[in-house]
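Chain letters run A, B, ... following the sequence lines, proteins first and then strands; every chain starts at 1.
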Amino acid sequence: MNPTEIYDALSQIAEASFDAEEFPFSFAEATDASQAAISKLRNGSTNKSDLPGGVLFGRRFHYAPATTGKSDTTLEQLRASKKTKSSKPAILLATDGEMIAAEHTASGETLHCAFKELGDQFGFFLPAAGKERYRAVEENPVDVKATGKLAKLYDALIRANPDWGTDARRHEMNQLMMRLIFCMFAEDVGIFPEQQFSRLIFTYAGDKGEEAHKAIIAAFRAMNLPTHERTGLPAWTGELDYVNGGLFAGTIDAPKFDTIAFRYLREACGLDWGKINPDIFGSMIQSVADPKQRSELGMHYTSVPNIMKVIGPLFLDDLDAEIHKGWDRARALQQTLGRMSHIRVFDPACGSGNFLVVSYRELRARETRIMQRLEELDGRNAMGTSEMFSRIKIDHFYGIEISDFAAETAKLALFIAEYQANASFKAIFGRCPAALPLRDAARIHRGNALEIEWEAVCPPPNNDEEIFIAGNPPFVGSNFQTSEQKSDRSELFKSDFKSYKNLDYVASWFYLATLYAEAFCRTNFAFVSTNSITQGRQVPSFWPRILENQKIRFAHTSFQWRNNASSNAAVICVIIGLCPKYISGAKLFDGKVISDVSSISPYLIPIPPVYVEGSGKSIFGLPRMDYGSKPADGGNLILSTEERDEIVQLYPDSNRFIRKYLGSQEVVRGQVRYCMWIKDQEASDAYQYPPFQKRIDAVRQFRTESSNPVTRPTAATPYKFWFTGPETKTHAILVPRVTSERRPYLPVERVGADVISSDLNQVLYDAPEWCIALIASRLHLVWIATVCGKLKSDFRYSNTLGWNTFPVPKFTDEQLEALSASARRILKCRYSHYPKTIADLYDPDKMPDDLRAVHKENDDLLESMYIGRPFRNDTERLETLFKLYAAKIKTLETASKKKKA
DNA sequence: GATCCGACAAGCA
DNA sequence: TGCTTGTCGGATC
């Protein structure tokens with residue numbers, strides 16, 4: 001059962017009248033217990049409760065009925081129960097039918113709510129169904145807009161010094177900004193003494209900033225030199241620390257500050273950089289320094305909660321478990337410290353280093369915790385802990401980044417992370433190596449991750465080492481890639497993947513990581529990705545090769561991309577983590593819920609991998625479903641009602657070339673458009689009408705100018721659609737190709753032969769009515785939602801992937817007749833609500849009861865034809881469908897082998 | 001010849 | 001200015 005189903009089941013219990021004896025069993029059923037387990041519980045053989053009327057169901061829950069108003073007291077009894085202590089149920093639950101008192105035993109968290117809210121509180125009860133709850137790390141409210149101040153400084157400097165805006169000096173300009181930001185950050189977080197940098201600069205910059213550039217140059221030069229080598233620099237620079245680390249190496253120059261730029265510099269220094277979240281520090285600088293990215297302002301940086309969703313299950317959670325287990329044993333903790341010092345993290349699309357910074361910070365935090373514990377366990381000087389300092393080095397962090405500036409920023413961000421970690425170490429242990437000068441640096445390599453050998457950047461692990469590859473590589477849909485991106489991939493994918501050109505750009509990172517993990521053991525990896533690689537045609541083309549030696553160890557199902565940037569990228573993401581195949585178990589994160597499952601399929605559902613491949617015709621013998629007629633006309637063959645009326649009024653005869661035209665929006669919202677529909681032999685007749693002539697000429701021009709080599713030849717027949725489906729004889733059944741995910745059933749409509757359906761619908765021409773009963777079923781929606789692609793998260797209907805693969809049993813004639821009758825009932829019920837449209841009728845909040853009822857009837861009828869009864873839930877629906885599909889594929893394969901033999 | 005897709009795009013409040 | 005919802009035609013097999 002999935003959480004929605006648990007929610008539904010609990011809501012039903014909450015609405016029904018309360019029966020203290022029956023409640024624990026319906027609660028067990030609602031939280032996914034099998035019928036067999038419930039009947040054993042009911043006859044007492046597995047009920048271990050030691051409380052009157054109580055039911056203790058294994059590790060799931062311990063329930064006891066309460067007298068009116070005494071739920072809380074009963075909960076205390078449950079807590080005190082010996083059987084609770086020995087059986088360790090996940091949930092304690094007491095209720096008098098009015099109020100609920102419950103406790104989550106692992107965390108000690110309690111819940112007190114009205115009985116009626118049982119359904120709404122389903123999240124609390126998920127542990128009773130064997131599902132953990134997932135809590136996302138809350139994101140610090142970071143003011144990305146502070147970047148605006150830096151941007152203004154940047155712009156003002158360019159305005160005052162136009163030559164600094166040229167390509168030749170852009171790198172210097174960027175460097176200047178980065179160094180300034182480093183200094184402002186450093187003085188606010190205590191790397192430099194209190195306000196040291198800005199105090200000196202503003203003292204020696206002159207009243208209006210006329211000397212600011214000189215002061216900055218002097219300060220930067222000083223920071224690049226050990227104190228005793230600073231000859232020829234103003235005496236005041238002696239106060240500044242030697243920073244090194246490459247940050248102040250190379251040419252040092254600064255543009256002149258006019259009064260405006262100087263004011264912005266003051267404002268920027270005035271910001272409290274200590275409050276800026278260093279995790280996204282890099283992304284901020286990047287968006288300031290790169291005017292091209294200004295409009296996106298950090299649109300694609302990964303938020304800390306999302307980074308945690310990747311690196312948590314990838315390695316931090318394991319470490320936490322290990323630390324927890326060894327908490328009382330110094331030896332075990334020492335071992336964990338050793339393990340951590342051999343962990344290396346590699347982000348092959350590191351941008352400004354967010355993943356590396358957060359990974360570093362989290363590792364350091366755990367290390368500190370362990371060392372504190374070691375001191376507690378063994379006293380201050382035992383086991384040499386007083387000598388100990390961090391063994392997690394920033395040169396264990398590797399990255400590849402294509403932009404030079406971002407790569408530099410990543411190094412800087414890691415320096416800062418190191419400073420901060422050392423500072424908090426010092427606060428706890430009172431010791432710390434000297435902060436300055438900077439020593440080792442992160443291994444950030446500038447270049448194209450798809451061209452560089454990864455093992456040259458991040459060398460293969462030796463015996464003690466573990467490598468974790470993580471990141472958020474760029475997503476580019478196959479149709480949106482540049483020719484360079486395409487060629488990056490062709491070399492890579494040619495041999496191992498069929499139809500590799502349909503894969504998203506992000507697939508390349510998964511593949512290279514797979515190759516790395518196959519070559520070197522002790523390598524696990526996880527990436528944020530667009531959800532499209534887990535859907536539709538990409539699944540059968542991409543995943544079979546990836547999963548040859550790896551398995552999906554954890555996955556977060558689709559979630560909307562979000563970060564603190566002012567405008568967010570519109571994309572739905574998933575996170576997928578892989579490990580070698582021999583490791584057992586997997587974790588599936590779905591919204592707030594974690595489930596431990598035995599395997600995760602590339603569709604990110606908890607079943608073993610089955611790949612649904614598109615098919616040219618139905619493998620279960622369903623009628624042929626076609627693609628609608630596609631204009632590709634620049635809009636010129638399509639007429640609104642007004643345009644049509646106007647033409648017909650002027651030229652009544654021309655009406656014979658005009659047909660009704662329905663796309664998916666027209667079907668769903670009950671609208672009408674019209675189109676020109678001209679057969680080859682009528683082309684010259686139609687061309688006589690001036691409005692048609694104008695439009696046909698426009699189509700010719702549009703197609704001639706198309707970048708698509710397939711479209712250009714169709715400029716020769718500009719009077720007709722780019723692609724036309726077969727002629728309709730009696731009627732057509734239309735299925736919109738894209739439809740809102742909110743609707744409980746897929747929209748499907750029956751229209752007469754006079755209608756032309758656009759390519760935005762799939763069409764069954766002159767097909768039997770029972771097809772409507774199939775398409776309008778819950779069963780079909782569940783299949784389509786799983787195996788077809790999506791537009792973001794909305795359903796996308798495909799004939800090859802969805803209809804032609806949809807598993808059906810062999811129907812008898814009587815069954816088909818019953819389904820046809822059911823289809824007619826649905827249509828009739830819809831018509832009774834005229835003029836309500838499909839969009840109105842299938843709005844989940846407004847769906848009329850009678851329509852719901854006929855759909856339920858249709859579902860029950862169809863599902864009984866599969867298993868002799870309705871399915872219990874969507875999980876069961878999918879399991880059955882995938883089994884039928886897999887079995888069919890197997891028989892087809894055997895048959896074709898036999899044929900060959 | 002026939003699709004499947006979109007770090008979206010457009011339309012409404 | 002957020003939220004909902006599916007156009008349109010290129011690129012690919």
Side-chain angles (χ1 to χ4, degrees), chain A residues 293 296 298-302 349 472-481 483 486 490 498-506 528-533 535-541 560-563 565-573 613-617 624-638 663-669 671 673 699 702-703 705-714 721-726 736-743 747 758-763 787-804 839 842-843:
Chain A
Q293 285 194 12
E296 326 195 316
M299 193 153 145
H300 295 154
Y301 85 85
T302 315
N472 179 354
F475 320 153
V476 190
S478 62
N479 285 7
F480 287 70
Q481 286 160 20
S483 51
K486 289 263 181 203
S490 65
K498 51 192 163 183
S499 60
Y500 65 91
K501 285 186 179 169
N502 282 334
L503 296 176
D504 195 284
Y505 200 46
V506 74
V528 181
S529 163
T530 163
N531 66 352
S532 71
I533 68 162
Q535 291 164 359
R537 65 180 173 191
Q538 293 201 53
V539 170
S541 124
Q560 177 122 37
W561 174 261
R562 196 151 270 290
N563 63 23
S566 41
S567 72
N568 272 197
V571 65
I572 309 281
C573 300
E613 193 117 23
S615 166
K617 61 172 199 180
R624 178 189 164 83
M625 182 181 278
D626 279 284
Y627 195 68
S629 301
K630 174 169 162 170
D633 61 339
N636 293 295
L637 295 175
I638 313 304
S664 52
Q665 198 154 162
E666 285 76 25
V667 168
V668 168
R669 300 188 192 162
Q671 301 156 348
R673 279 199 291 175
V699 174
F702 173 84
R703 290 185 183 166
E705 290 165 2
S706 166
S707 72
N708 184 354
V710 185
T711 299
R712 285 195 295 269
T714 63
F721 276 34
W722 184 89
F723 169 78
T724 56
R737 313 200 73 219
V738 171
T739 185
S740 167
E741 60 169 337
R742 292 177 64 242
R743 297 193 180 114
S758 88
D759 61 311
L760 299 170
N761 297 308
Q762 295 289 3
V763 193
V787 306
C788 289
K790 296 258 172 95
L791 178 49
K792 302 307 156 190
S793 59
D794 285 338
F795 303 130
R796 169 167 253 155
Y797 199 97
S798 146
N799 52 353
T800 57
L801 289 165
W803 176 255
N804 291 343
Y842 289 88
D843 183 324

Give the intermediate values and the outcome of side-chain hydrogen bond (donor to acceptor under 3.5 Å, both in side chains) for residues Ser541(A) and Arg537(A). CA-CA 7 Å; Ser541(A) 124; Arg537(A) 65 180 173 191; over 6 Å; no
task: Give Asp759(A) one of three labels, base, sugar-phosphate or nothing, depending on what nucleic acid heavy atoms sit under 4.0 Å from its own.
output: base
| Ser629(A) versus Asp759(A): any side-chain heavy-atom pair under 4.5 Å? | no
Item to check | Beyond-backbone contact of Tyr500(A) with Ser490(A), side-chain heavy atoms, under 4.5 angstrom | outcome: yes
Leu760(A) atom CG is separated from dC4(B) atom C1', nearest whole Å, by 12 Å
Note: contacts of residues 625-633 of chain A with DNA chain B (heavy atom, under 4.0 Å) are Tyr627(A), Lys630(A)
With the side chain defined as heavy atoms from C-beta on, Phe723(A) is closest, among dG1(B), dG6(B), dT12(C), to dG1(B)
query: Base, sugar-phosphate alone, or nothing: which one does Arg743(A) contact when heavy atoms must sit under 4.0 Å apart?
result: sugar-phosphate
Ranking dA11(C), dC13(C), dT3(B) by distance to the side chain of Asn799(A), first place goes to dT3(B)
Checking dG10(C), dG6(B), dT5(C) against the side chain of Arg742(A) (C-beta onward), the nearest is dT5(C)
Any base atoms under 4.0 Å from Arg712(A), or only sugar-phosphate, or nothing? Heavy atoms, all strands.
nothing
Out of dT7(C), dT5(C), dA2(B), minimum distance to the side chain of Asp794(A) belongs to dT5(C)
* Counting just side-chain N and O atoms, does Ser706(A) come under 4.0 Å of either OP1 or OP2 of dG10(C)? -> yes
Rounded to whole Å, the CD-C1' distance (Gln538(A) to dC4(B)) equals 10 Å
Comparing Gly663(A) with Tyr500(A), nearest DNA chain C nucleotide closer to 5' gives the residue Gly663(A)
Winner on side-chain proximity to Arg737(A), out of dA7(B), dG6(C), dT3(B), is dT3(B)
Leu801(A) CG to dT3(B) C1', in whole Å, measures 10 Å
One thing to verify: whether Arg624(A) and Asp626(A) come together as a salt bridge, which I'm taking to mean a side-chain N less than 4.0 angstrom from a carboxylate O. yes
Check: Looking across every strand, which nucleic acid part, if any, lies under 4.0 Å from Gly614(A) by heavy atom: base, sugar-phosphate, or nothing?
Finding: nothing
Does the side chain of Asp794(A) reach to within under 4.5 Å of the side chain of Thr739(A), using non-hydrogen atoms?
-> no
Side-chain heavy-atom pair Phe723(A), Tyr627(A) within 4.5 angstrom cut-off
yes
Within a strict 4.5 Å, meaning less than it, do heavy atoms of the Val668(A) and Arg743(A) side chains meet?
yes
request  = Kindly determine whether Asn761(A) and Tyr797(A) satisfy side chain to side chain contact (heavy atoms under 4.5 Å, CB included), including the steps that lead there.
outcome  = CA-CA 9 Å; Asn761(A) 297 308; Tyr797(A) 199 97; over 6 Å; no
Testing dG10(C), dA7(B), dT7(C) for proximity to the side chain of Lys792(A), the answer is dA7(B)
Do the side chain of Arg796(A) and the base of dG6(B) come within less than 3.5 angstrom through a donor-acceptor pair of N or O atoms?
yes
Heavy-atom check, side chain of Glu741(A) versus side chain of Ser793(A), under 4.5 Å
yes
| said: Mind checking if Asn502(A) touches a base, just sugar-phosphate, or nothing, with heavy atoms under 4.0 Å? | reply: sugar-phosphate
When rounded to whole Å, the NZ to C1' distance for the pair Lys501(A) and dC5(B) reads 16 Å
Counting the atoms with a prime plus P, OP1 and OP2 as sugar-phosphate, which does Pro473(A) contact under 4.0 Å by heavy atoms, base, sugar-phosphate, or nothing? base
Between Leu791(A) and Trp722(A), the residue closer to the 5' end of DNA chain B by nearest nucleotide is Trp722(A)
It should be established whether Ser478(A) places a side-chain nitrogen or oxygen under 4.0 Å from OP1 or OP2 of nucleotide dC5(B).
no
*asked:* Do Ser758(A) and Lys630(A) make a side-chain contact, defined as non-hydrogen atoms from C-beta onward lying under 4.5 Å apart?
replied: no
Comparing nearest nucleotides in DNA chain B, the 5'-proximal residue of the pair Val528(A), Val710(A) is Val710(A)
Listed range with range, the stems formed with DNA chain C by at least 3 consecutive Watson-Crick or G-U pairs (under 3.5 Å) are B:1-6 with C:8-13, B:8-12 with C:2-6
DNA chain C nearest-nucleotide lookup for Thr739(A) and Pro709(A): closer to the 5′ end is Thr739(A)
- Query: Within the structure shown, what part of the strands sits under 4.0 Å from Ser758(A) by heavy-atom distance: base, sugar-phosphate, or nothing?
  - Reply: nothing
Quiz prompt | No-H, no-angle donor-acceptor pair, Asn472(A) side chain to dA7(B) base, under 3.5 Å | solution = yes
When rounded to whole Å, the CD to P distance for the pair Gln481(A) and dG6(B) reads 11 Å
(message) What contact category does Phe702(A) fall into here, base, sugar-phosphate, or nothing, at under 4.0 angstrom with non-hydrogen atoms?
(response) sugar-phosphate
Asn479(A) CG to dC4(B) P, in whole Å, measures 12 Å
Discussion item. Are the side chains of Val738(A) and Leu760(A) in contact, using a 4.5 Å heavy-atom criterion?
Written reply: no
| task | Taking atom C1' in both dT3(B) and dA7(B), compute the distance separating them and give it to the nearest angstrom. | result | 23 Å
Next item on the list: Using the P atom on both, measure dA11(C) against dA9(B) and round to a whole Å.
Entry: 15 Å
| query | Quick check: does any side chain N or O of Lys486(A) sit under 3.5 Å from a backbone N or O of Ser478(A), one acting as donor and the other as acceptor? | reply | yes
Quick one: label Ser798(A) by what it contacts on the DNA or RNA (base, sugar-phosphate, nothing), any heavy atom closer than 4.0 Å. sugar-phosphate
